[in-house]
Amino acid sequence: MDVGMRKGVSAALGGYSSVPYENVRSSLKRVCVFCGAYSGARDIYKDATIELGKELVKRGCNLIYGGANVGLMGTISNVVHDGGQKVMGIIPKSLVTIVKKEGGTEPVGEVIEVEDMHQRKAEMERLADAFIALPGGFGTWEELLEQITWVQLGIHRKPVGVLNVNGYYDSLLAFLDGAVQEGFMAPSCRSIIVVAANAHDLMTMLEDRVAHRPRPAPINCASAVVCSENGRPGKRLQCPIRFSK
Ligand SMILES: CC(C)=CCNc1ncnc2c1ncn2[C@@H]1O[C@H](COP(=O)(O)O)[C@@H](O)[C@H]1O
């Protein structure tokens, strides 16, 4: 891949006709992005999605995503594809039928059709080195929270990040802090989620997580927390993964 200005970002993305990048290679070869089937009510969400797409291209990352050319999913897939990186959409057959019926635009790159939502998420996890959630709705949150849960359960140790565009996820993050306070989540599990306000910082933090990948923590480790219930000793919460930051 050459160094310099790469032309060719889709004209449909108007105003973003070239992608400046240096020859930075990421340790993350395939990044799975969960994001809205809508583009949101403000331009800032689409702009941040374009910025993330360019950041993936700049770092030589390929994209795994939901496989539909709609909303922020359409934006990120077009930016990464036009930037010269591989794009792989993973979508249940039933959704393909709905998209076709609705007259949806063909997605770019490769599309893998799977049997159902469960297989889709399993494939996404199998193929990706890291996960990023952009703003979105139920679909995005469910995908994000499932990956965090899988890390919590020790099913995988891949980094999971949130691009907190315009403070969109502030209320969710505050809710998670409340869950720790109320004794339903170990602080170390709260730390699974990596948060940044811009694509450059988030990618750097995710790469850093891989470089300092935590080891499974022993029983009675520092990640354990004893919560008090009505002044009495309560349950001991543990996360199988210990994060230093
Ligand atoms: C009629 C039509 C064009 C439907 C296309 N609709 C979809 N196609 C593919 N994946 C989807 C669709 N809706 C939700 N998802 C999945 O759920 C997430 C988005 O859901 P949401 O908009 O945040 O809640 C995406 O990451 C994607 O994996």
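In listed order, ligands and their atoms are each counted from 1. Keep in mind that this is a model prediction, so the values were computed, not measured.
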Look only at the side chain of D129 and the backbone of L28, and say whether a donor-acceptor pair between them is shorter than 3.5 Å.
no
Is a side-chain donor or acceptor of K158 paired with a backbone partner of F131 at a separation under 3.5 angstrom?
no
Suppose we measure from atom 11 (C) of ligand 1 to each protein heavy atom; which comes out shortest, and what is that distance?
M73 CE, 3.6 Å
A student checking ligand 1 against I91 at a 4.0 Å heavy-atom cut-off should list atoms 9 (C)
Any nitrogen or oxygen of T140 lying under 3.5 Å from a nitrogen or oxygen in ligand 1? Just yes or no.
yes
Show me which atoms of ligand 1 lie under 4.0 Å from any heavy atom of V70.
3 (C)
Is K101 near ligand 1, meaning one of its heavy atoms is under 4.0 Å from it?
no
Starting from atom 1 (C) of ligand 1, locate the nearest protein heavy atom and write down its residue, its atom name and how far away it is, to 0.1 Å.
E102 CG, 3.4 Å
Looking at K93 and E115, is any side-chain nitrogen of the basic one under 4.0 Å from a carboxylate oxygen of the acidic one?
yes
F34 and M124, any side-chain heavy atoms less than 4.5 Å apart
yes
Nearest protein heavy-atom contact for atom 22 (O) of ligand 1: which residue, which atom, what distance?
A37 N, 2.8 Å
Any ion pair linking R120 and E123 (charged N to carboxylate O, less than 4.0 Å)?
no
I'd like to check which ligand 1 atoms, numbered from 1 as shown, lie under 4.0 Å from a non-hydrogen atom of A68.
8 (N), 9 (C)
Protein contact of atom 6 (N) of ligand 1 - nearest heavy atom, named by residue and atom, plus distance:
L95 CD2, 4.1 Å
Assign the ring pair Y45 / Y168 to parallel, tilted or perpendicular, where the plane angle (0 to 90°) is split at 30° and 60°.
perpendicular
Min N/O separation G139 to ligand 1 under 3.5 Å:
yes
Can you find an N or O of V33 that's nearer than 3.5 Å to an N or O of ligand 1?
no
Please write down residue, atom name and distance for the protein heavy atom closest to atom 10 (N) of ligand 1.
R120 NH2, 2.8 Å
G137 versus ligand 1: do any nitrogen or oxygen atoms come within less than 3.5 Å of each other?
yes
Counting only nitrogen or oxygen atoms and a 3.5 angstrom limit, does Y38 reach ligand 1?
no
Quick one: does Q152's side chain have a donor or acceptor within less than 3.5 Å of a partner on C189's backbone?
no
Could you go through the side-chain hydrogen bond (donor to acceptor under 3.5 Å, both in side chains) check for E51 and H200 one step at a time?
CA-CA 9 Å; E51 189 195 325; H200 175 272; over 6 Å; no
Side chain, backbone, both or neither: the part of E143 lying under 4.0 Å from ligand 1 by heavy atom
side chain
The single option from T75, N78, T105 that satisfies side-chain hydrogen bond (donor to acceptor under 3.5 Å, both in side chains) with N69 is N78
Nearest heavy atom to atom 25 (C) of ligand 1: which of C35, G104, G66 does it belong to?
C35
Modelled atom types, side-chain donor and acceptor of R209 and S27, under 3.5 Å:
no
Can you tell if the side chain of C32 reaches within under 4.5 Å of the side chain of I132, non-hydrogen atoms only?
no
Sub-4.0 Å atoms of ligand 1 with respect to non-hydrogen atoms of G136:
23 (O)
Which of the atoms of ligand 1 are close to V99, meaning less than 4.0 Å from one of its heavy atoms?
2 (C), 3 (C), 4 (C), 5 (C)
Please identify which of these residues, T149, L144, V194, meets the side chain to side chain contact (heavy atoms under 4.5 Å, CB included) condition with V160.
L144
Provide the number and element of each atom of ligand 1 under 4.0 Å from a heavy atom of G36.
22 (O), 23 (O)
